[in-house]
Protein chains: 2
Amino acid sequence: MNTIKDIAKAAGVSVTTVSRALNGYSDVNEQTRQRIQEIAEQLDYTPNHIARGLVMNRSKTIGLLTSQSFPSNPKDTFTLDILAGVNEYASERGYDLILFQSRPAGGRTYYQMCRERQLEGVITQNLPHDHSATEELAATGLPGVFIDNPVGSGSASFVTTDNADGARQAIVHLIELGHEHIAFINGHHYAYVSKERRKGYEETLHEFGLPFREEYVREAAFEEKLAEQEALELLQAQPHITAVFCVSDLMAHGVMRAAHQLGYTLPRDLSIIGFDDLVLAEYFSPPLTTVHQDRYTLGRKACELLIEKIEGKETPASLVIPASLTVRESTGPPGS
Amino acid sequence: MNTIKDIAKAAGVSVTTVSRALNGYSDVNEQTRQRIQEIAEQLDYTPNHIARGLVMNRSKTIGLLTSQSFPSNPKDTFTLDILAGVNEYASERGYDLILFQSRPAGGRTYYQMCRERQLEGVITQNLPHDHSATEELAATGLPGVFIDNPVGSGSASFVTTDNADGARQAIVHLIELGHEHIAFINGHHYAYVSKERRKGYEETLHEFGLPFREEYVREAAFEEKLAEQEALELLQAQPHITAVFCVSDLMAHGVMRAAHQLGYTLPRDLSIIGFDDLVLAEYFSPPLTTVHQDRYTLGRKACELLIEKIEGKETPASLVIPASLTVRESTGPPGS
DNA sequence: TCATTCTTCCAAAACGTTTCGGAGGCTGAT
DNA sequence: ATCAGCCTCCGAAACGTTTTGGAAGAATGA
């Protein structure tokens, strides 16, 4: 492995000059620069990231913290898309990404984990329920951006999908199809995204002059099985319902199962709409109408924000990515 | 950020002693060691990976090369599971993982990409069709392990699922259900996994005294749409067929679509069996019987092998992970 | 008592890069 | 002839570790 010294020797100049030539400084003669560049190529020189990192006190590395899920889970595609977005932008900017899927071992904190790896910043997504993790990180002053988790501080921002508007689009779609009795199956009442989506649901009903009925809303912890049970009860207790809006695709699938159990034909007897647009959604029967989250962009923007922070630029405390509706075959006019 | 020097000063010893104390060398007095350790904790010391990497000439970093797929694709869960396996083992052994999803920019080679990041080794999975990439890497002498790609050389190994046995289990299952006319939809004739699975198919037919019929096998490039078309033709041309074994879950879904178009009821009129066991498979209707690949283990073992190589141990040229059959509802006795 | 061996410690070099402060030589204006 | 200013280059320090080779003192054995 050839170093900058070898080049210097071969070119008959000092290492300083080689360094400055290769890094495009203006105080080196154009001829020498070209000679140095040629020699560098001949010698198959590649700069040593590590040495550079040491002297510049920069690791050029960021971390992505995600919760681990085994065995694999349909929501995994969500994580992978975000990862792809983050990773791509990071590499464009010359940063490395390292991925944490497990919590710190041996009583250490997330922050310590980050410091050990010399991370310059960290992105967080779908961490386990103890919110402490993100808040702890936000408190350290390490540049951070949190996906779907509204912790804002000086050194941290958060990015999220426009949850309220996504919900709005779903409800508008149903209302335009002619539905008036629209149920709502939420996740956790304390989760940020749940609150936002509920807000979208309620406000859109009002906007169109439809009453909001507490008895039309249920919670199912983002779980398919629970959603199935809740839907079973709900649909029997409230026979006027002709459509249900679920806060995740998986819960929508639970509702589909419930509908099948009740002998419904979809979407004639019940319109169902989800949230996320997992790859899965297309394979349900019928294929699911759902609110699309642009996960790749979510990850990419998160990374953009993070790198701006790292490089000392001003960044907004939060960033909202638009949602869009993907209409498939699980929705239609009531009773059609 | 406190360094080893700060500790040395506080403890009244030299940096050498601090380093050796913290790294568990035997030539430091137990009392001084403890004192140093306490001070290190008080000072909230974390060792600088980068400085260490520089002097030891080790980055402790490995790479995972994967092809990028946007928009997201159902096969993504495959990649994520492998990633999880690799990542977890790597972190257990104190290695960092960096992920490459895009090909090298600006006419550079994969090998150069690896060298720039100071990688000590590389794992490859599902690279784009130009096999050149893996072979190029194998030729460089960089420690490497390739998933599902049988390139073996001194510095590289490969790991794969037991494809032939997986196929065998599928066929045995169908034969035991009473099927005698079993079609086979393959991927690419040149792909390693396709060859192996075909071998399993043919051999198992022979083993049970059933004839192998060339007219029962088709190729569909691992694509759902193509498999649908091929199945449509095949099922009409060969009405004796009661079961079809597909070399991927996605192609199996294509066959399902074809079967529905022909008005079949599944599995009464046709048994369908896939390969991979994507999370998706459970959501097909009917849920798909399929050969399960243990992707997490695949990744983990690949990483184990790689680290052994890096640390100079002898490693086998290849490693095969067992397959298993997951029976769901897309298979049953013929005509039942 | 002296030589030998352990135990415990340290100074200094090394890893490959960037950067600070300056040095020489040349040009052009005064 | 002098000076200022520019262009081009360089030596040396610095980043935070590990490691080599040895040194001082204590313990051991004869």
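Proteins get letters first, then strands, A, B, ... in listed order; numbering begins at 1 in each. Bear in mind that the values here come from a model prediction, so they are computed numbers and not experimental data.
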Axis bend over the full length of the helix from C:dT1-D:dA30 to C:dT30-D:dA1, computed from five pairs that close each end, to 10 degrees: 60°
Residues B:Arg300, B:Glu92: salt bridge by 4.0 Å N-O rule: yes
Nearest-nucleotide 5' precedence on DNA chain C, A:Val18 against B:Arg33: B:Arg33
N or O in side chain of A:Thr17 less than 4.0 angstrom from D:dC10 OP1/OP2: yes
Carboxylate-amine/guanidinium proximity below 4.0 Å for A:Asp44 and B:Arg115: yes
Phosphate-side-chain proximity, A:Tyr25 and D:dC9, N/O vs OP1/OP2 below 4.0 Å: no
Check: B:Thr16/B:Ser19 side-chain N/O donor and acceptor closer than 3.5 Å: no
Side chain to side chain contact (heavy atoms under 4.5 Å, CB included) partner of A:Tyr192, the single match among A:Asp148, A:Asn163, A:Asn149, A:Val151: A:Asn163
Nearest-Å distance for atom pair CG/C1', residues A:Asn29 and D:dC6: 13 Å
Contact boundaries on DNA chain C for chain A, cut-off under 4.0 Å to non-hydrogen atoms: C:dG16 to C:dC20
Touch class at under 4.0 angstrom, heavy-atom based, for B:Thr3 against every strand present: sugar-phosphate
Sugar-phosphate only, base, or nothing, as touched by A:Val55 at under 4.0 Å among non-hydrogen atoms: base
Toward the 5' end of DNA chain C, by each residue's nearest nucleotide, A:Asn2 or B:Glu30: B:Glu30
Min side-chain heavy-atom separation B:Gln125-B:Phe146 under 4.5 Å: no
Whole-Å gap separating P (D:dT20) and CE (B:Met56): 10 Å
Passing candidate, salt bridge (Lys or Arg N to Asp or Glu O under 4.0 Å) with A:Arg93, options A:Glu120, A:Glu308, A:Glu88: A:Glu308
Whether over 12 other heavy atoms sit under 6.0 Å from B:Glu30 CD: yes
Contacts of B:Arg52 that satisfy salt bridge (charged side-chain N to carboxylate O under 4.0 Å, His left out) - sequence neighbours left out: none
Distance test, side-chain N/O of B:Thr16 to OP1/OP2 of D:dT18, below 4.0 Å: no
Atom NZ of B:Lys301: over 12 foreign heavy atoms under 6.0 Å: no
Integer-rounded Å distance: D:dT19 P and B:Leu54 CG: 13 Å
Nearest-Å distance for atom pair CZ/C1', residues B:Arg20 and D:dG21: 11 Å
Atom-to-atom span, CG of A:Asp27 to P of D:dG5 - whole angstrom: 19 Å
